[in-house]
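For clarity, every value in this text was computed on a predicted model and none was experimentally measured.
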Amino acid sequence: QVQLVESGGGLVQPGGSLRLSCAGSGSISSIAVMGWHRQPPGKQRELVASLASSGSVNYADSVKGRFTISRDNAKNTVYLQMNSLKPEDTAVYYCHANLRRTVGGPALNYWGQGTQVTVSS
């Protein structure tokens, strides 16, 4: 089975930085999109950033200029570099991938377990 495993979350002070990683494992033929969503306390899950296989990038307005998404195709890994963190960035961050397990097979959505990011002094 395909698994997405996040790492890099934790507690950081306002203005600090964190780098999240998400590694895909298992049977993966091709990845159409990898990205990050987050769910702040008491709020709905929202898209943070996504990166398509074409190189197309999408960021939420609230993180533009502060967050950078990147990938390592050989490792099936996506990263989220988060700088100038604010208390409102506090959320559970979820890795997401839309991928095919086999050539010509369906493109399906997979989610990581989530990692907590807390920005507080």
(message) According to side-chain hydrogen bond (donor to acceptor under 3.5 Å, both in side chains), who are the partners of Ser17, at least two apart in sequence or on a separate chain?
(response)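 Testing Ser17 for side-chain hydrogen bond (donor to acceptor under 3.5 Å, both in side chains), a comparison that skips the adjacent residues, returns Asn83.
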
(request) Mind checking side-chain hydrogen bond (donor to acceptor under 3.5 Å, both in side chains) for Thr118 and listing every partner two or more places apart, or none if nothing turns up? (result)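 Gln116.
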
(message) Applying disulfide (SG to SG under 2.5 Å) as the test, list every pair that has at least one member in residues 48-121; sequence neighbours left out.
(response)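 Pairs touching residues 48-121 that pass the test: Cys22-Cys95.
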
(request) Could you tell me whether a side-chain N or O of Gln1 sits under 3.5 Å from a main-chain N or O of Gly26, the two making a donor and an acceptor? (result)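 Absent.
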
Would you give the length of the straight line joining atom [atom1] of [X] to atom [atom2] of [Y], rounded to the nearest 0.5 angstrom?
{"X": "Leu4", "Y": "Ile28", "atom1": "CG", "atom2": "CD1", "result": "7.0 Å"}
{"X": "Leu80", "Y": "Arg19", "atom1": "CG", "atom2": "CZ", "result": "10.0 Å"}
{"X": "Gln81", "Y": "Ser21", "atom1": "CD", "atom2": "OG", "result": "9.5 Å"}

List the atom pairs, with distances to 0.1 Å, where a side-chain N or O of residues 32-39 and a protein N or O form a donor-acceptor pair under 3.5 Å, not counting sequence neighbours.
from, atom 1, to, atom 2, distance (Å)
Arg38, NE, Glu46, OE2, 2.8
Arg38, NH1, Asp89, OD1, 3.0
Arg38, NH1, Tyr93, OH, 2.9
Arg38, NH2, Glu46, OE2, 3.3
Arg38, NH2, Ser62, OG, 3.3
Gln39, NE2, Lys43, O, 3.2

Where do [X] and [Y] come nearest, in terms of heavy atoms and distance?
{"X": "Leu85", "Y": "Leu18", "value": "CD1-N, 3.8 Å"}
{"X": "Val12", "Y": "Gly16", "value": "CG2-CA, 3.8 Å"}
{"X": "Lys86", "Y": "Val119", "value": "O-CB, 3.2 Å"}
{"X": "Ser121", "Y": "Pro14", "value": "N-CD, 3.7 Å"}
{"X": "Ser53", "Y": "Ile31", "value": "CB-O, 3.4 Å"}

(message) Between Val2 and Leu108, is there a side-chain heavy-atom distance shorter than 4.5 Å?
(response)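 Side-chain contact under 4.5 Å: no.
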
(message) Starting from Tyr94 and following side-chain heavy-atom contacts under 4.5 Å between hydrophobic residues (I, L, V, M, F, W, Y), which residues can be reached?
(response)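 So far as hydrophobic clustering goes, Tyr94 is joined with Val92, Trp111.
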
(request) Return each pair, listed once, that meets ring pair (Phe, Tyr, Trp, His ring centres under 6.0 Å) where at least one residue sits in residues 57-81; pairs must be two or more places apart or across chains. (result)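 Every candidate ring pair (Phe, Tyr, Trp, His ring centres under 6.0 Å) pair involving residues 57-81 fails, so no pair, neighbours aside, qualifies.
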
(request) Tell me, please, which residues at least two apart from Ser54 pass side-chain contact (heavy atoms from CB on, under 4.5 Å). (result)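 By the side-chain contact (heavy atoms from CB on, under 4.5 Å) rule, Ser54 matches Ala52, Ser56.
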
With a 3.5 Å cut-off and sequence neighbours excluded, list the donor-acceptor pairs that the side chains of residues 96-104 form with protein atoms.
from, atom 1, to, atom 2, distance (Å)
His96, NE2, Asn109, OD1, 2.9
Asn98, ND2, Asn109, OD1, 2.9
Arg100, NE, Gly105, O, 3.1

(request) Among residues two or more places apart or on two chains, list those pairs meeting side chain to side chain donor-acceptor pair (under 3.5 Å) that have a residue in residues 24-33. (result)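 Every pair satisfying side chain to side chain donor-acceptor pair (under 3.5 Å) with a residue in residues 24-33: there are none.
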
Determine which pairs satisfy salt bridge (Lys or Arg N to Asp or Glu O under 4.0 Å) with at least one residue from [range], sequence neighbours left out, and list them in order.
{"range": "residues 73-84", "answer": "none"}
{"range": "residues 107-121", "answer": "none"}
{"range": "residues 27-37", "answer": "none"}

(request) Answer yes if Val48 and Val5 sit in the same cluster of Ile, Leu, Val, Met, Phe, Trp and Tyr residues linked by side chain heavy atoms under 4.5 Å apart, and no otherwise. (result)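 No; tracing contacts between hydrophobic side chains, which count when under 4.5 Å, never links both residues.
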
